[in-house]
Amino acid sequence: MWLTKHFKTLLSSCKQKSTLSKIHALLITSGLFNQRNPATKLISSYAHIGDIKLARQVFDELPQRGIDAWNAMIVAYSRMGFYSEVVDLYWKMVSDGLKPDSSSFTVTIKACASLCDFEMGEEVWHQAVEYGYKDDDFVACSVLNLLTKGGKMVEAKAVFEGMKRKDLVCWTTMVTGFAKIGQGMESIGVFREMQRHGMEGDGVVMLGLIQACTDIGDMKMCLSVHGHLIRRNLQMDVVIHTSLVDMYAKNGHLGVAYSVFCNMPQKNVVSWSALISGYAQNGFAKEALELLIEMQRVRCRPDSASLVSALLACSHVGYLKKGKSIHAYILRRQEFEHVSSTAVIDMYAKCGVLSSARVLFDTISCKDVILWNTMIASYGIHGHGKDALSVFHEMIKTNSVPDDATFASLLSGLGHSGLIEQGKHWFNEMINRYKIEPREKHYACVVDMLARAGKVEEALDLINSMKIHEAGNGMSIWAALLSGCHNHRKFSIGELAAKKVLELQPDDSGIYSLVANFFASAKKWKEVGEVRNAMRKAGMKKVPGYSMVEVKGKLHAFLMEDKSHYQYEEMVMIIEKLDHEMRSMGYTPKTEYVLHDVEEEVKVRMLSFHSERLAIAFGLLNTESGTKLVITKNLRVCGDCHEAIKYISKIVDREIVVRDVKRFHHFKHGVCSCGDYW
DNA sequence: TTAGGGTTAG
């Protein structure tokens, strides 16, 4: 007995492999090897110094294995992150006829959670209940981790409420769990309850709260959590600071995000990425790309997340040259993993080079659903509905399972190409064959494809017949109908849609513009004024339209009637010359696209100086004849510009590509690829 | 229990 204890103490203090081996040998020669305590301790000791193979060897050589030895081995695997081995060993133990205890259950359930094998985890949990560990708080804590990781917060809450002793880790798991599935208010509620129970939170629970605020997007809440951190004088490490940067940036408060970022005592690649992605996601592409350069200047090496965010910025503004250089950089660094290749494909497609997107797509052998969706969406935005459909067929052939986003992209692509029958067919297939419940976005696609083709009555019938189970007020559906009514001058249904849209109180200035445009085209100036008032009331400003064009690798942006530009006079001359030629060919300005109730002559001039025309004029001035022009616009290209650019492409004999907020228009020899399903 | 990144309507 004394000797056994002595060996145990000796093993505990032993940190070197050579000494461990000697003790191992001594144990064998003294005949104490098969005694429970020293053998178990030997397994843990080998695991502790990282030699899992020797630990397993000891375990395998034991003539008799008690529960302690099994648990020691299970824990050893778990410590090393070998979770599959943990689960394997657990089942071996059960089939050997041993009765698992609290430790075996706790560790195995944790392993299942780490493997994201929720089914297996719940099976082990049921066994724990059978064996009488229902009320064991250690097991419950592990189960909590399993359930929250799987997003099953209702079940998690039930387990949590049944726990007798709730420690900080359990409370944190609940706070973080709710935050992760986007239930920010619930998350904050749990935190408040935790405070009522007299628990003081640490940095980890605050991270969960920051995540909840990121999701809720309420600035007051964000500031209050940030204030709480400062008041309580909690240790603010790089992880917390980075989360704060992300929280402010994701909610569009880039100034605050930037100032938190600047005041960080330590920054790492994740902090830089959070800020870059914030700028990119909010449409500040230039700033995002400048930050990517700045981080390299201070010797912080961008990783794939930072590069993906930078690529997103390039996609946003159509900055092909920069996008290409990031692609080259990724290739040089040989870190071309899945996520970044999807982002590169998206970038090429959104910068107008569909062929490069396709070439890259074909080189990827193992395609996941997002990659397939990206390629389908890419064809869709370029108006290549048939190609989108053929990629979809390929996808099915390789046994990939399409998801709701696949159908959103496919339906939108078919609609933009005017393939209405195909669109209706696949909408029905989605519901009946693939059992995907249509969501608002799917209805919006189908309504859009019908309304775009002038079939507004059919679209209205569909709206009246649909049942939406998903949360959503149907705003986008009515907006799609309204847009079709606007283009096809269907004023009575249009008015119905416009009223519906206003009733639903849009939070997007683009939608207000759509309604105002509709009333303006119907010459209902009183209503136009009312929309403006409603917009002001909702605290919304009209987003100024701007267009961008890449000339000799540099990006140039233009606002409507942008007189400040150094080449303004030359651009005016080109526009006037083109106008003259267009008119002689039969073009008449569609002045209904001008919102203001002003003189006809002024309207004509306003149309001629829309930002896309300035960008085209600048492109024509500064590129060789025959060069393709790619313009990116932040709003929808107006009906008059669409018509005018057709003429311009013929007069100057150039291919002009205009990408507006959602799709591409390829103009060549006086026609647009969209076949005027614009 | 611990931060950032890819597709999806108008």
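Not measured: the values here are computed from a predicted model. Here is how names work: the chains are called A, B, and so on, in the same order as the sequence lines, proteins then strands, and each is numbered from 1.
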- Task: Return the nearest nucleotide to the side chain of A:N268; candidates are B:dG6, B:dA3, B:dA9.
- Result: B:dA3

- Query: Does any pair with a residue in residues 343-354 of chain A pass salt bridge (Lys or Arg N to Asp or Glu O under 4.0 Å), and if so which ones, sequence neighbours excluded?
  - Reply: A:D346-A:K350

- Does the cation-pi check pass for A:K267 over A:F261, that is, NZ or CZ under 6.0 Å from the six-membered ring centre and within 45° of its axis? yes

- Query: Base, sugar-phosphate alone, or nothing: which one does A:T176 contact when heavy atoms must sit under 4.0 Å apart?
  - Reply: nothing

- Task: With heavy atoms under 4.0 Å as the rule, sort A:L411 into base, sugar-phosphate or nothing.
- Result: nothing

- Look at all strands and tell whether A:D368 reaches a base, only sugar-phosphate, or nothing, counting heavy atoms closer than 4.0 Å. base

- Nearest to side-chain heavy atoms of A:L312, which nucleotide of B:dT7, B:dA9, B:dG4: B:dT7

- Which whole-number value in Å describes the distance from A:K350 NZ to B:dG6 P? 10 Å

- Message: Going by the rule salt bridge (Lys or Arg N to Asp or Glu O under 4.0 Å), which residues pair with A:E161 if we only count those two or more places apart in sequence or in a different chain?
- Response: none

- Task: Check every strand shown and say whether A:K149 touches a base, only sugar-phosphate, or nothing at a heavy-atom separation below 4.0 Å.
- Result: nothing

- Message: Tell me the interatomic distance from A:I326, atom CD1, to B:dG6, atom P, rounded to whole angstroms.
- Response: 14 Å

- Query: Expressed in angstrom and rounded to an integer, what is the separation of A:Q235 atom CD from B:dT1 atom P?
  - Reply: 21 Å

- A:D448 side chain: which of B:dA9, B:dA3, B:dT1 is closest? B:dA9

- Test item: A:L354 and A:D387 side chains (from C-beta on) under 4.5 Å apart, heavy atoms: no

- Query: Within the structure shown, what part of the strands sits under 4.0 Å from A:N145 by heavy-atom distance: base, sugar-phosphate, or nothing?
  - Reply: sugar-phosphate

- Message: How many whole angstroms separate atom NE2 of A:H241 from atom P of B:dT2?
- Response: 20 Å

- Query: In whole Å, what is the span from the CD1 atom of A:I477 to the C1' atom of B:dA9?
  - Reply: 9 Å

- Among the candidates B:dG4, B:dT1, B:dA9, find the nucleotide nearest to the side-chain atoms of A:S306. B:dG4

- Any donor-acceptor pair under 3.5 Å linking the side chain of A:T176 with the backbone of A:T173? no

- Could you tell me whether A:K267 contacts a base, only the sugar-phosphate backbone, or nothing, with contacts defined as non-hydrogen atoms closer than 4.0 Å? nothing

- Message: Need one value for A:T172: base, sugar-phosphate or nothing, where a base atom within 4.0 Å counts as base even if backbone is also close, heavy atoms only.
- Response: base

- Item | Length of the CE-P vector between A:M475 and B:dA9, whole Å | 17 Å

